[in-house]
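Here the structure is laid out as C-alpha coordinates; the discussion comes afterwards.
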Amino acid sequence: MKKIKLGVSTCLLGENVRYDGGHKLDRFLTDTLGQYVQYVPVCPEVECGLGVPRESMHLEGDPDSPRLVTTRTKHDMTDPMVRWARKRVIDLEKEDLCGFIFKSDSPSSGMERVKVYNEKGMPVKKGIGMFARIFMEHFPLLPVEDEGRLHDPKLRENFIERIFTLKRWRGVLEKKENRGNIVDFHTKHKLLIFSHSPGHYQMMGKLVGQAKDLPLKEFYWQYQTWLMESVKLKATPKKNANVLQHMMGYFKEQLSSDEKQELLETIDHYLKEYIPLIVPMTLINHYVRKYDQPYLKQQVYLNPHPLELQLRNHV
Ligand code: SF4
(Lines give C-alpha, C1' and ligand atoms only; values in the text may rest on other atoms or scores of the structure.)
Protein backbone atom coordinates (compact mmCIF):
# COMPACT_ATOMS: atom_id res chain seq x y z
CA MET A 1 0.00 0.00 0.00
CA LYS A 2 1.32 3.46 -0.92
CA LYS A 3 1.62 5.97 1.93
CA ILE A 4 -1.65 7.47 3.09
CA LYS A 5 -1.98 11.19 2.43
CA LEU A 6 -3.16 13.18 5.44
CA GLY A 7 -3.59 16.88 5.88
CA VAL A 8 -2.04 18.21 9.09
CA SER A 9 -1.72 21.53 10.88
CA THR A 10 1.83 22.57 10.01
CA CYS A 11 2.93 23.42 13.57
CA LEU A 12 2.34 19.77 14.62
CA LEU A 13 5.22 18.75 12.35
CA GLY A 14 7.63 20.99 14.27
CA GLU A 15 7.61 23.94 11.87
CA ASN A 16 8.02 27.33 13.56
CA VAL A 17 4.81 28.85 12.24
CA ARG A 18 2.96 29.72 15.45
CA TYR A 19 2.12 33.30 16.37
CA ASP A 20 4.98 33.29 18.91
CA GLY A 21 7.51 31.83 16.45
CA GLY A 22 7.31 28.37 18.02
CA HIS A 23 5.86 25.01 17.05
CA LYS A 24 3.82 22.18 18.58
CA LEU A 25 5.76 19.14 17.39
CA ASP A 26 3.88 15.90 18.06
CA ARG A 27 6.30 12.97 18.03
CA PHE A 28 3.61 10.32 17.57
CA LEU A 29 2.53 12.02 14.35
CA THR A 30 6.03 12.51 12.97
CA ASP A 31 7.93 9.44 14.21
CA THR A 32 5.26 6.72 14.50
CA LEU A 33 2.30 7.48 12.23
CA GLY A 34 4.67 9.28 9.88
CA GLN A 35 6.08 5.91 8.76
CA TYR A 36 2.77 5.15 7.03
CA VAL A 37 1.61 8.62 6.15
CA GLN A 38 2.61 11.37 3.78
CA TYR A 39 1.60 14.68 5.34
CA VAL A 40 0.21 17.66 3.48
CA PRO A 41 0.86 20.55 5.89
CA VAL A 42 -1.55 23.46 6.11
CA CYS A 43 -1.04 26.55 8.30
CA PRO A 44 -4.07 28.78 7.71
CA GLU A 45 -2.63 31.85 9.44
CA VAL A 46 0.69 31.85 7.59
CA GLU A 47 -0.82 30.76 4.26
CA CYS A 48 -3.42 33.52 4.34
CA GLY A 49 -0.64 36.08 4.52
CA LEU A 50 0.17 36.64 8.20
CA GLY A 51 3.80 36.66 9.28
CA VAL A 52 5.73 34.88 12.02
CA PRO A 53 5.71 36.09 14.73
CA ARG A 54 2.32 37.80 14.66
CA GLU A 55 -0.31 39.04 17.03
CA SER A 56 -2.35 36.23 18.54
CA MET A 57 -6.01 35.83 17.55
CA HIS A 58 -9.16 34.42 19.01
CA LEU A 59 -12.80 33.84 18.09
CA GLU A 60 -15.44 36.33 19.20
CA GLY A 61 -19.22 36.61 19.07
CA ASP A 62 -21.78 33.94 18.18
CA PRO A 63 -20.22 30.46 18.70
CA ASP A 64 -22.03 29.19 15.57
CA SER A 65 -20.67 31.98 13.41
CA PRO A 66 -17.84 33.74 15.23
CA ARG A 67 -15.39 36.38 13.99
CA LEU A 68 -11.63 35.84 13.97
CA VAL A 69 -10.09 38.85 15.69
CA THR A 70 -6.57 39.79 16.83
CA THR A 71 -6.50 39.87 20.62
CA ARG A 72 -4.78 43.24 21.27
CA THR A 73 -5.49 45.49 18.27
CA LYS A 74 -8.91 43.92 17.54
CA HIS A 75 -8.20 43.62 13.83
CA ASP A 76 -10.95 41.49 12.22
CA MET A 77 -9.31 38.76 10.10
CA THR A 78 -12.51 36.83 9.32
CA ASP A 79 -12.99 37.83 5.68
CA PRO A 80 -9.40 37.26 4.46
CA MET A 81 -9.29 33.92 6.31
CA VAL A 82 -12.61 32.73 4.87
CA ARG A 83 -11.63 33.81 1.34
CA TRP A 84 -8.30 31.98 1.59
CA ALA A 85 -9.84 28.84 3.18
CA ARG A 86 -12.49 28.50 0.46
CA LYS A 87 -9.77 28.48 -2.21
CA ARG A 88 -7.46 26.21 -0.20
CA VAL A 89 -10.04 23.45 0.18
CA ILE A 90 -10.54 23.41 -3.59
CA ASP A 91 -6.75 23.04 -4.02
CA LEU A 92 -6.76 20.22 -1.47
CA GLU A 93 -9.22 18.22 -3.59
CA LYS A 94 -6.23 17.34 -5.82
CA GLU A 95 -4.31 15.83 -2.90
CA ASP A 96 -6.56 12.80 -2.46
CA LEU A 97 -6.42 13.19 1.32
CA CYS A 98 -7.63 10.33 3.53
CA GLY A 99 -8.06 12.59 6.56
CA PHE A 100 -6.83 15.60 8.48
CA ILE A 101 -5.19 16.06 11.88
CA PHE A 102 -5.89 19.50 13.29
CA LYS A 103 -4.16 21.46 16.05
CA SER A 104 -6.53 21.52 19.02
CA ASP A 105 -7.82 24.78 20.53
CA SER A 106 -6.66 27.00 17.65
CA PRO A 107 -9.08 29.70 16.41
CA SER A 108 -8.03 28.81 12.86
CA SER A 109 -7.31 25.06 13.04
CA GLY A 110 -9.23 23.64 16.04
CA MET A 111 -11.97 21.18 15.07
CA GLU A 112 -14.13 21.45 18.22
CA ARG A 113 -14.43 23.07 21.65
CA VAL A 114 -12.41 26.15 20.64
CA LYS A 115 -12.89 29.16 22.94
CA VAL A 116 -15.26 31.85 21.65
CA TYR A 117 -15.31 35.10 23.64
CA ASN A 118 -18.49 37.10 24.26
CA GLU A 119 -18.68 40.89 24.49
CA LYS A 120 -17.74 40.74 28.19
CA GLY A 121 -14.56 38.85 27.35
CA MET A 122 -15.84 35.56 28.80
CA PRO A 123 -15.02 32.39 26.78
CA VAL A 124 -17.26 29.41 26.01
CA LYS A 125 -15.63 26.30 24.57
CA LYS A 126 -18.10 25.82 21.73
CA GLY A 127 -16.29 27.08 18.65
CA ILE A 128 -14.68 25.57 15.57
CA GLY A 129 -11.57 27.09 14.00
CA MET A 130 -12.26 29.10 10.84
CA PHE A 131 -10.30 26.86 8.48
CA ALA A 132 -11.31 23.62 10.22
CA ARG A 133 -15.01 24.48 9.81
CA ILE A 134 -14.67 25.19 6.08
CA PHE A 135 -12.57 22.05 5.59
CA MET A 136 -15.07 19.78 7.37
CA GLU A 137 -18.00 21.28 5.46
CA HIS A 138 -16.17 20.74 2.18
CA PHE A 139 -15.07 17.16 2.95
CA PRO A 140 -17.87 15.80 5.18
CA LEU A 141 -16.84 12.14 4.86
CA LEU A 142 -13.12 12.54 5.54
CA PRO A 143 -11.89 11.33 8.95
CA VAL A 144 -10.68 14.24 11.07
CA GLU A 145 -9.15 14.40 14.52
CA ASP A 146 -6.99 16.72 16.58
CA GLU A 147 -3.67 15.82 18.15
CA GLY A 148 -5.09 16.17 21.67
CA ARG A 149 -7.88 13.64 21.06
CA LEU A 150 -5.39 11.27 19.41
CA HIS A 151 -3.75 10.76 22.82
CA ASP A 152 -6.87 8.77 23.76
CA PRO A 153 -6.13 5.15 22.67
CA LYS A 154 -9.74 4.47 21.59
CA LEU A 155 -10.03 7.62 19.49
CA ARG A 156 -6.58 6.97 18.05
CA GLU A 157 -7.44 3.41 17.05
CA ASN A 158 -10.73 4.53 15.52
CA PHE A 159 -9.15 7.35 13.51
CA ILE A 160 -6.34 5.18 12.17
CA GLU A 161 -8.73 2.38 11.27
CA ARG A 162 -10.81 4.91 9.34
CA ILE A 163 -7.90 6.33 7.35
CA PHE A 164 -6.67 2.84 6.42
CA THR A 165 -10.21 1.85 5.40
CA LEU A 166 -10.55 4.94 3.23
CA LYS A 167 -7.17 4.27 1.64
CA ARG A 168 -8.25 0.72 0.71
CA TRP A 169 -11.54 2.10 -0.64
CA ARG A 170 -9.60 4.62 -2.76
CA GLY A 171 -7.84 1.59 -4.24
CA VAL A 172 -11.27 0.42 -5.48
CA LEU A 173 -11.98 3.87 -6.94
CA GLU A 174 -8.69 3.75 -8.88
CA LYS A 175 -9.89 0.65 -10.74
CA LYS A 176 -12.41 0.68 -13.57
CA GLU A 177 -15.88 1.18 -12.10
CA ASN A 178 -17.74 -2.08 -11.78
CA ARG A 179 -20.03 -3.67 -9.26
CA GLY A 180 -17.79 -6.69 -8.74
CA ASN A 181 -15.02 -4.53 -7.24
CA ILE A 182 -17.38 -3.25 -4.55
CA VAL A 183 -18.70 -6.73 -3.85
CA ASP A 184 -15.12 -7.94 -3.39
CA PHE A 185 -14.26 -4.99 -1.09
CA HIS A 186 -17.46 -5.52 0.89
CA THR A 187 -16.82 -9.23 1.35
CA LYS A 188 -13.43 -8.49 2.92
CA HIS A 189 -14.75 -5.67 5.11
CA LYS A 190 -17.92 -7.35 6.39
CA LEU A 191 -16.70 -8.10 9.90
CA LEU A 192 -14.94 -4.75 10.22
CA ILE A 193 -18.19 -2.95 9.35
CA PHE A 194 -20.13 -5.26 11.69
CA SER A 195 -17.75 -4.40 14.56
CA HIS A 196 -18.58 -0.72 14.17
CA SER A 197 -22.25 -0.80 13.24
CA PRO A 198 -24.47 -3.87 12.90
CA GLY A 199 -27.12 -1.51 11.42
CA HIS A 200 -24.84 -0.35 8.60
CA TYR A 201 -23.72 -3.94 8.07
CA GLN A 202 -27.32 -4.89 7.30
CA MET A 203 -28.04 -1.86 5.12
CA MET A 204 -24.82 -2.29 3.16
CA GLY A 205 -25.44 -6.00 2.70
CA LYS A 206 -28.85 -5.17 1.18
CA LEU A 207 -27.30 -2.45 -0.98
CA VAL A 208 -24.70 -4.85 -2.36
CA GLY A 209 -27.46 -7.43 -2.96
CA GLN A 210 -29.42 -4.89 -5.03
CA ALA A 211 -26.36 -3.59 -6.89
CA LYS A 212 -27.60 -4.75 -10.30
CA ASP A 213 -30.75 -2.63 -10.00
CA LEU A 214 -28.94 0.61 -9.17
CA PRO A 215 -27.14 3.03 -11.48
CA LEU A 216 -23.40 2.45 -10.97
CA LYS A 217 -22.63 6.02 -9.80
CA GLU A 218 -25.40 5.90 -7.22
CA PHE A 219 -24.16 2.52 -5.96
CA TYR A 220 -20.61 3.83 -5.49
CA TRP A 221 -21.78 7.03 -3.82
CA GLN A 222 -24.17 5.28 -1.41
CA TYR A 223 -21.68 2.55 -0.52
CA GLN A 224 -18.90 5.05 0.17
CA THR A 225 -21.18 7.22 2.33
CA TRP A 226 -22.33 4.30 4.47
CA LEU A 227 -18.83 2.87 4.68
CA MET A 228 -17.38 6.07 6.13
CA GLU A 229 -20.40 6.64 8.37
CA SER A 230 -20.15 3.11 9.75
CA VAL A 231 -16.45 3.14 10.66
CA LYS A 232 -16.88 6.52 12.35
CA LEU A 233 -19.05 4.79 14.97
CA LYS A 234 -16.96 3.34 17.80
CA ALA A 235 -16.29 -0.40 17.89
CA THR A 236 -17.09 -0.99 21.58
CA PRO A 237 -16.01 -4.08 23.58
CA LYS A 238 -19.59 -5.35 23.29
CA LYS A 239 -19.62 -5.04 19.49
CA ASN A 240 -16.13 -6.55 19.18
CA ALA A 241 -17.07 -9.41 21.51
CA ASN A 242 -20.09 -10.13 19.26
CA VAL A 243 -17.85 -10.34 16.22
CA LEU A 244 -15.33 -12.54 18.03
CA GLN A 245 -18.07 -14.96 19.12
CA HIS A 246 -19.39 -14.99 15.56
CA MET A 247 -15.89 -15.86 14.29
CA MET A 248 -15.59 -18.59 16.87
CA GLY A 249 -18.60 -20.26 15.24
CA TYR A 250 -16.45 -21.03 12.20
CA PHE A 251 -14.34 -23.41 14.31
CA LYS A 252 -17.20 -25.43 15.84
CA GLU A 253 -15.89 -28.64 14.33
CA GLN A 254 -12.17 -28.13 14.88
CA LEU A 255 -11.82 -26.80 18.44
CA SER A 256 -11.82 -29.10 21.45
CA SER A 257 -14.13 -28.19 24.31
CA ASP A 258 -11.10 -26.96 26.30
CA GLU A 259 -10.04 -24.70 23.46
CA LYS A 260 -13.59 -23.36 23.08
CA GLN A 261 -13.73 -22.69 26.80
CA GLU A 262 -10.40 -20.87 26.71
CA LEU A 263 -11.51 -18.71 23.77
CA LEU A 264 -14.85 -17.90 25.42
CA GLU A 265 -13.09 -16.91 28.64
CA THR A 266 -10.65 -14.71 26.74
CA ILE A 267 -13.52 -12.95 24.95
CA ASP A 268 -15.31 -12.52 28.27
CA HIS A 269 -12.20 -11.05 29.91
CA TYR A 270 -11.87 -8.64 27.01
CA LEU A 271 -15.56 -7.70 27.32
CA LYS A 272 -15.00 -6.92 31.00
CA GLU A 273 -11.96 -4.86 29.94
CA TYR A 274 -9.49 -6.95 32.00
CA ILE A 275 -7.39 -7.51 28.87
CA PRO A 276 -7.01 -5.59 25.58
CA LEU A 277 -8.48 -6.56 22.22
CA ILE A 278 -5.13 -7.81 20.95
CA VAL A 279 -5.41 -10.89 23.22
CA PRO A 280 -8.58 -12.54 21.80
CA MET A 281 -7.60 -11.30 18.32
CA THR A 282 -4.26 -13.11 18.54
CA LEU A 283 -5.99 -16.32 19.58
CA ILE A 284 -8.55 -16.05 16.75
CA ASN A 285 -5.79 -15.20 14.26
CA HIS A 286 -3.94 -18.31 15.41
CA TYR A 287 -6.96 -20.55 14.66
CA VAL A 288 -7.65 -18.84 11.34
CA ARG A 289 -4.10 -19.62 10.26
CA LYS A 290 -4.00 -23.09 11.75
CA TYR A 291 -7.24 -24.20 10.09
CA ASP A 292 -6.81 -22.01 7.02
CA GLN A 293 -10.40 -20.81 7.34
CA PRO A 294 -11.12 -19.41 3.84
CA TYR A 295 -13.78 -16.80 4.70
CA LEU A 296 -12.11 -15.47 7.84
CA LYS A 297 -8.60 -15.31 6.46
CA GLN A 298 -9.64 -12.63 3.97
CA GLN A 299 -11.31 -10.48 6.64
CA VAL A 300 -9.64 -7.09 7.07
CA TYR A 301 -11.00 -7.07 10.64
CA LEU A 302 -8.19 -9.42 11.64
CA ASN A 303 -5.52 -6.89 10.64
CA PRO A 304 -7.05 -3.50 9.82
CA HIS A 305 -3.85 -1.51 10.41
CA PRO A 306 -0.15 -2.31 10.91
CA LEU A 307 0.52 -4.39 14.04
CA GLU A 308 3.56 -2.19 14.75
CA LEU A 309 1.25 0.69 15.68
CA GLN A 310 0.07 -1.49 18.62
CA LEU A 311 -3.36 0.10 18.47
CA ARG A 312 -5.21 -2.97 19.73
CA ASN A 313 -2.87 -3.28 22.71
CA HIS A 314 -4.64 -0.36 24.37
CA VAL A 315 -8.32 -0.77 23.51
S1 SF4 B 1 -2.58 26.04 14.91
FE2 SF4 B 1 -2.98 26.22 12.73
S3 SF4 B 1 -2.82 28.40 12.30
FE4 SF4 B 1 -1.83 28.05 14.27
S5 SF4 B 1 0.31 27.73 13.79
FE6 SF4 B 1 -0.64 25.72 13.86
S7 SF4 B 1 -1.19 25.31 11.75
FE8 SF4 B 1 -0.81 27.52 11.89
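Counting convention: from 1, in listed order, for ligands and their atoms alike. Just so it is clear, the structure is predicted and the values come from calculations on it, not from any experiment. Along the sequence shown, residues carry numbers from 1.
- For the pair Glu218 (side chain) and Pro215 (backbone), a donor-acceptor distance under 3.5 Å is absent.
- Taking a cut-off of under 4.0 Å to the non-hydrogen atoms of Ser9, the atoms of ligand 1 that pass are 7 (S).
- Contact annotation: for Arg18 versus ligand 1, heavy atoms closer than 4.0 Å belong to both the backbone and the side chain.
- Given atom 6 (Fe) of ligand 1, the protein heavy atom at minimum distance is Cys11 SG, 2.3 Å.
- Residue contact check: Val17 has heavy atoms under 4.0 Å from atoms 5 (S) of ligand 1.
- Close approach of ligand 1 to Val42 is summarised as follows: ligand atoms under 4.0 Å from at least one heavy atom of the residue are 7 (S).
- Listed by number with element, the atoms of ligand 1 under 4.0 angstrom from any heavy atom of Glu45 are 3 (S).
- The one candidate from Ser65, Ser108, Pro66 that meets the side chain to side chain contact (heavy atoms under 4.5 Å, CB included) condition with Arg133 is Pro66.
- In terms of protein heavy-atom proximity, atom 2 (Fe) of ligand 1 is closest to Ser109 OG, 2.3 Å.
- For the pair Arg149 and Phe159, the cation-pi criterion (under 6.0 Å, within 45° of the ring axis) is not fulfilled.
- In the displayed structure, Lys260 atom NZ is contacted under 6.0 Å by more than 12 heavy atoms of other residues, nucleotides or ligands.
- Between Phe100 and Phe139, the distance from one ring center to the other does not fall under 6.0 angstrom.
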Atom pairs and distances, donor-acceptor, side-chain atoms in residues 164-172, under 3.5 Å, two or more places apart:
from   : atom 1 : to     : atom 2 : distance (Å)
Thr165 : OG1    : Glu161 : O      : 2.7
Thr165 : OG1    : Arg168 : NH2    : 3.2
Arg168 : NE     : His189 : NE2    : 2.9
Arg168 : NH1    : Pro304 : O      : 3.2
Trp169 : NE1    : Gln224 : OE1    : 2.6
Arg170 : NH1    : Asp96  : O      : 3.1
Arg170 : NH1    : Asp96  : OD1    : 3.1
Arg170 : NH1    : Leu97  : O      : 2.8
Arg170 : NH2    : Leu97  : O      : 3.1

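- Distances below 4.0 Å separate heavy atoms of Lys103 from the following atoms of ligand 1: 1 (S).
- Counting heavy atoms under 4.0 Å from ligand 1, residue Cys43 touches it through both backbone and side chain.
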